[in-house]
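Working notes, beginning with the structure itself.
Below, read A as the first sequence line, B as the second, and so on, with proteins coming before strands; counting in each chain starts at 1.
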Amino acid sequence: MLDIRWMREHRAELAAAMAKLNDTEAPWEKALELDERRRAILTRVEALRAERNSGSKEVGRLYQAGQRSEADALKARMASIGDEIAQLDAELREVEAAFNDAMLRIPNPPDPEAPVAPDESGNRVVLEVGTRPSFAFTPLAHWDLGEKLGIIDVERGAKLAGSRFYVLRGAGALLQRALANYFLDVHTTEHGYEEVYPPFMVRGECMVGTGNLPKFGDNLYRDVEEDYWFIPTAEVPVTNLHRDEILAASDLPRYYVAHTPCFRREKLSAGKDVRGIKRVHQFEKVEMVKFVAPEHGRAELESLVANAEVLVARLGLPYRRVLIATGDLSFVACLKYDIEVWAAGCQEWLEISSCSWFRDFQARRANIRYRTAEGKIEYVHTLNGSGLALPRIIIAILENYQQPDGTVVVPEVLRPYMGGRSVIG
RNA sequence: GGAGGGAUGGCCGAGCGGACGAAGGCGGUUGUCUUGAAAACAACUGUGGCAGCAAUGUCACCGGGGGUUCGAAUCCCUCUCCCUCCGCCA
């Protein structure tokens, strides 16, 4: 959410920022209009309230002084003011509801550093590390490899839950567990993150806080009976950890890491990426979330992306860092890097991490503030990034480390997490 | 799932229709005293909206929402959460 006062005073700047996004429905003009109406009603209703407050006090005083008839007359006058207030209140409630809804549907303006382009064609590769493996044979894609090795069972996943579900078996399940443990260990022991185990279902307010609601409810699973929403990423519960809190300056920066399943409806992508486990309804991810003082927001994005990249590097996978263009930015991010890993089988760069800086956009929605050293209360900055998404890393390991005999070599760093195992198959 | 009891400021806790943004205590900040610290004493110490260059004024907030009333922390309805007992369950 944006600061309405900032919006009022920087209309042109706001318009220019919104034009850089590919969101033509952003109701920022509507919000400004509703804000005018809201304030007009507010000043009227508050003047009436002030009058009623002092009048009501006077009624009490008159009764105590025994001046009944004066009191009754004043009481009648206050009653009619009350009616007027009730009427304006109803109007105000309506306008305010519309205003709030509009505010929640305005995306975060992009940072000036983001390349300006209408879509992903403007994304900029800023770093490429490692060399893509070459093979003396034709490398298999993970869906074939996984099936042959008996470690990815897409067919039975579909039997249990439908398309875009899968079963990891044996060494496949072990590999995922090893990855999660390895990632968590690195983040907690080397990068200063606190591990948390949050609920995987949350209330709607949490989804509003991170920006998933009201606009993107279509992508979420939900238990209507209990009004629980299934998290699409650990970002949701972890960011909301400090919702409605005022942190001390000494609490910042705060780094959290969580390993959770992620549930996504992926409704709009039917027909795309159907094979294998690249795009599925349920997957595991290790997620990093940061709460920081505003002056460190930008720098914290760099360390965040570095925290994710070191994992890819240590797994020996070729990867690149992509700076996302304005038209490809998510609703909440003002600046974002994607990390993509090369998958030799399907011959694709796969996004395995998205590292975003939100400025105070989420903090305003979730009301997360801190008290500065000077005692002022300000919104924190939030950031988050995957570190890392597991199925796609499994894909990359299988496809890049495959051998002529159909086996897969286990990256060195994972072997201690897999009982010393060095080969799958 | 059934029965009961609760929710008040950073924390504890009073208030149960007007003088209450809210007693008192703890904590915090500042000052006096002290070589320094402690103690004691004194003052200050919630969040947000609106108007204003500002000083300031004004409105709202006592778990959330709605209602009764001239007037609600206080009365009524409803929801959420917490606690106790019973049932069920890994």
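- Across all strands, A:L74 comes closer than 4.0 Å to no nucleic acid atom at all (heavy-atom distances).
- Separation of the P atoms belonging to B:rC81 and B:rG10 is 23 Å when rounded to the nearest angstrom.
- When both pairing distances are held under 3.5 Å, B:rU68 makes no Watson-Crick or G-U pair with any nucleotide shown.
- In terms of phosphate contacts, A:R371 brings no side-chain nitrogen or oxygen within less than 4.0 Å of OP1 or OP2 of B:rG10.
- Close placement of the A:H242 and A:F291 rings is indicated, their centers lying within 6.0 Å of each other.
- Regarding A:R243, its CZ atom lies at a distance of 14 Å from the P atom of B:rG64, rounded to whole Å.
- A:L88 places its CG atom 18 Å from the P atom of B:rC50, with the value rounded to the nearest Å.
- Pair assignment for B:rG52 gives none, since no Watson-Crick or G-U wobble pairing has each distance under 3.5 Å.
- Mapping A:G82 and A:Q64 onto RNA chain B by nearest heavy atom places A:Q64 closer to the 5' end of the strand.
- B:rA40 and B:rA51 have their C1' atoms separated by 45 Å, with the value rounded to a whole Å.
- Between the C1' atom of B:rG46 and the NZ atom of A:K376 lies a distance of 18 Å, rounded to the nearest Å.
- For the C1' atom pair drawn from B:rU8 and B:rC61, the interatomic distance equals 12 Å after rounding to whole Å.
- The residue A:R93 sits close only to the backbone: its heavy atoms come under 4.0 Å of sugar-phosphate atoms, none of a base.
- Side chains of A:N123 and A:Y337: a donor-acceptor N/O pair is absent below 3.5 angstrom, by distance only.
- When both distances must be under 3.5 Å, the Watson-Crick or G-U wobble mate of B:rA40 is B:rU32.
- In this structure, A:K75 atom NZ and B:rG71 atom P are separated by 10 Å, rounded to whole Å.
- RNA chain B is contacted by both A:E51 and A:A79; A:E51 maps to the nucleotide lying nearer its 5′ end (nearest heavy atom per residue).
- A side-chain donor-acceptor contact under 3.5 Å links A:Q362 and A:T382.
- A salt bridge is defined here as a Lys NZ or Arg NE, NH1 or NH2 lying under 4.0 Å from an Asp or Glu carboxylate O, and A:E46 with A:R49 fails to meet this definition.
- A close approach under 4.0 Å does occur between a side-chain nitrogen or oxygen of A:R5 and OP1 or OP2 of B:rG49.
- If you check B:rC85 for Watson-Crick or wobble pairing at under 3.5 angstrom, you find it paired to B:rG2.
- Regarding contacts with the backbone of B:rA51, a side-chain N or O of A:R39 is found under 4.0 angstrom from either OP1 or OP2.
- A:Q282 and A:Y221 are not linked by any side-chain donor-acceptor pair at a separation below 3.5 angstrom, with hydrogens and angles left out of the test.
- Between B:rC70, B:rC59, B:rU47, one nucleotide has an atom nearer to the side chain of A:I246 than all others, and that is B:rU47.
- Atom name C1', nucleotides B:rU74 and B:rA7: the rounded distance is 15 Å, in whole Å.
- Using a 4.0 Å cut-off, some side-chain N or O of A:N53 falls inside it from OP1 or OP2 of B:rA60.
- Between B:rU45 and B:rG6, the two P atoms lie 33 Å apart (nearest whole Å).
- B:rA14 makes up no base pair with any nucleotide shown, lacking Watson-Crick or G-U wobble contacts both under 3.5 Å.
- Using a 30° and 60° split on the angle between ring planes, A:F165 and A:H281 fall in the tilted class, from 30° to 60°.
- The nearest whole Å value for the distance from the CE atom in A:M1 to the C1' atom in B:rG48 is 12 Å.
- Closest to the A:Y63 side chain, of the nucleotides B:rG18, B:rC59, B:rG48, is B:rG18.
- Ring pair A:Y182/A:Y417: centre-to-centre distance below 6.0 Å.
- Per the geometry, CZ belonging to A:R49 stands 11 Å off P belonging to B:rG71, to the nearest Å.
- Comparing the P positions of B:rG9 and B:rC62 gives an interatomic distance of 10 Å, to the nearest angstrom.
- As a whole-Å value, the separation of A:D72 CG from B:rU69 P is 16 Å.
- For the pair A:K57 NZ and B:rG17 C1', the interatomic distance rounds to 15 Å; values are reported in whole Å.
- Using a 4.0 Å heavy-atom distance criterion, A:R8 is classed as a sugar-phosphate-only contact.
- With a 3.5 Å ceiling on both atom-pair distances, the Watson-Crick or G-U wobble partner of B:rA60 is B:rU47.
- Checking B:rG49, B:rC70, B:rG48 against the side-chain heavy atoms of A:L42 singles out B:rG49 as nearest.
- Using a 4.0 Å heavy-atom cutoff across all strands shown, A:R52 reaches sugar-phosphate atoms only and no base atom.
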